[in-house]
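Following: one structure in structure tokens, then a few remarks.
Both ligands and their constituent atoms are indexed starting at 1 by order of listing.
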Amino acid sequence: MPVQIRTMRAADRPAIAEILKKTEAFVPADVEVALELIDCYLADSTGSGYHFLVADVNGQPAGYICYGPTPLTQGTWDIYWIATDPAQKGRGIGARLLKSAEENIRSAAGRQVLIETSSNPLYLEARRFYLGRGYINISSIPDFYSPGDNKITFRKLI
Ligand SMILES: CC(C)(COP(=O)(O)OP(=O)(O)OC[C@H]1O[C@@H](n2cnc3c(N)ncnc32)[C@H](O)[C@@H]1OP(=O)(O)O)[C@@H](O)C(=O)NCCC(=O)NCCS
């Protein structure tokens with residue numbers, strides 16, 4: 001399946017919003033915040049501090065990733081969001097997006113990538129995905145999101 005990775009443009013917003021809404025793990029507040037970041041980036045792509053890549057399959061957005069340098073650090077970058085259209089999961093789209101983001105981060109003198117996620121069972125797929133891409137679980141903050149829902153941080157040296 002040919003997947004093309006490119007930077008996000010304004011015309012992608014409706015398709016990405018649909019992907020976010022269809023993603024079971026994301027509650028409406030998550031979707032709202034994810035769209036706010038997209039709007040920040042579309043309003044000022046260089047000044048926003050966010051980078052967005054989109055994966056096209058047959059010319060249609062099938063997933064995206066949002067990442068950026070962690071403020072006040074030297075060479076630490078965060079992956080803020082990643083999502084693949086639920087109908088297209090398990091076909092290598094997420095892996096391609098993450099790999100492209102890591103290559104861009106390395107080119108920008110990034111040293112390490114951090115990803116924060118939740119211990120909620122809805123994120124099990126995402127946690128397995130990160131472990132499979134060479135990320136290591138380096139910390140867990142108990143009851144961070146809500147009682148029983150921990151914040152887990154994954155790290156990869158690049
Ligand atoms: C996490 C997520 C982005 C992964 O995206 P994806 O496109 O399904 O990822 P991939 O297809 O690249 O990889 C998924 C699995 O399919 C496998 N795979 C890769 N290419 C494949 C192919 N061509 N055919 C079948 N399987 C394939 C991968 O090996 C991987 O398995 P692994 O994790 O056991 O190593 C996706 O599941 C998602 O959108 N989840 C919901 C949103 C979410 O939780 N985001 C993270 C918030 S922290």
Taking only heavy atoms of T117 into account, list the atoms of ligand 1 that are under 4.0 Å away from them.
-> 48 (S)
Could you walk me through whether I16 and M8 pass the side chain to side chain contact (heavy atoms under 4.5 Å, CB included) test, one step at a time?
-> CA-CA 10 Å; I16 300 298; M8 182 179 278; 3.9 Å; yes
Any idea which atoms of ligand 1 are less than 4.0 Å away from a heavy-atom of A95?
-> 12 (O)
Looking at side-chain heavy atoms only, is the closest gap between Y135 and L98 below 4.5 Å?
-> yes
Does I136 CD1 have over 12 foreign heavy atoms under 6.0 Å away?
-> no
Shortest reach to atom 28 (C) of ligand 1 by a heavy atom, considering only R133, K99, E125, R127 | R133
Flag yes if more than 12 heavy atoms outside E24 fall under 6.0 Å of its CD atom; otherwise flag no.
-> no
What's the spacing between I115 CD1 and W81 CH2 if we round to 0.5 Å?
-> 13.5 Å
Any donor-acceptor pair under 3.5 Å linking the side chain of R127 with the backbone of S119?
-> yes
Between H51 and Y67, how do the two ring planes meet: parallel, tilted or perpendicular, split at 30° and 60°?
-> parallel
Working for side chain to side chain contact (heavy atoms under 4.5 Å, CB included), residues R13 and D39 | CA-CA 8 Å; R13 193 187 188 280; D39 290 336; 2.7 Å; yes
Going only through I, L, V, M, F, W and Y residues with side-chain contacts under 4.5 Å, is there a path from L35 to F52?
-> yes
To which protein heavy atom is atom 23 (N) of ligand 1 closest, and what is the distance rounded to 0.1 Å?
-> R91 O, 3.4 Å
Determine, counting only non-hydrogen atoms of the protein, whether one lies under 4.0 angstrom from atom 34 (O) of ligand 1.
-> no
Which residue and non-hydrogen atom of the protein lie closest to atom 21 (C) of ligand 1, and at what distance in Å?
-> G90 O, 3.3 Å
Show which atoms of ligand 1 fall inside a sub-4.0 Å distance from at least one heavy-atom site of F26.
-> 42 (C), 43 (C), 45 (N)
Less than 4.0 Å between atom 31 (O) of ligand 1 and some protein heavy atom, yes or no?
-> no
Give a yes or no on whether atom 46 (C) of ligand 1 lies under 4.0 Å from any heavy atom of the protein.
-> yes
At a 4.0 Å threshold, what atoms of ligand 1 neighbour a non-hydrogen atom of Y130?
-> 46 (C), 47 (C), 48 (S)
Which atoms of ligand 1 sit under 4.0 Å from any heavy atom of A83?
-> 39 (O)
Could an N or O of ligand 1 be found under 3.5 Å from any N or O of I115, whether backbone or side chain?
-> no
Residue selection (non-hydrogen contact nearest atom 42 (C) of ligand 1) among I19, T23, T84 | T23
Which residue owns the protein heavy atom closest to atom 37 (O) of ligand 1, what's the atom, and how far is it?
-> K89 CD, 3.2 Å
Which atoms from ligand 1 have a heavy atom of I93 less than 4.0 Å away?
-> 7 (O), 11 (O), 12 (O)
Which of these, G92, P86, A25, A126, has its nearest heavy atom closest to atom 20 (N) of ligand 1?
-> G92
Is I82 in polar range of ligand 1, meaning some N or O pair under 3.5 Å apart?
-> yes
Would you call K156 and E102 a salt bridge, using N to O less than 4.0 angstrom?
-> yes
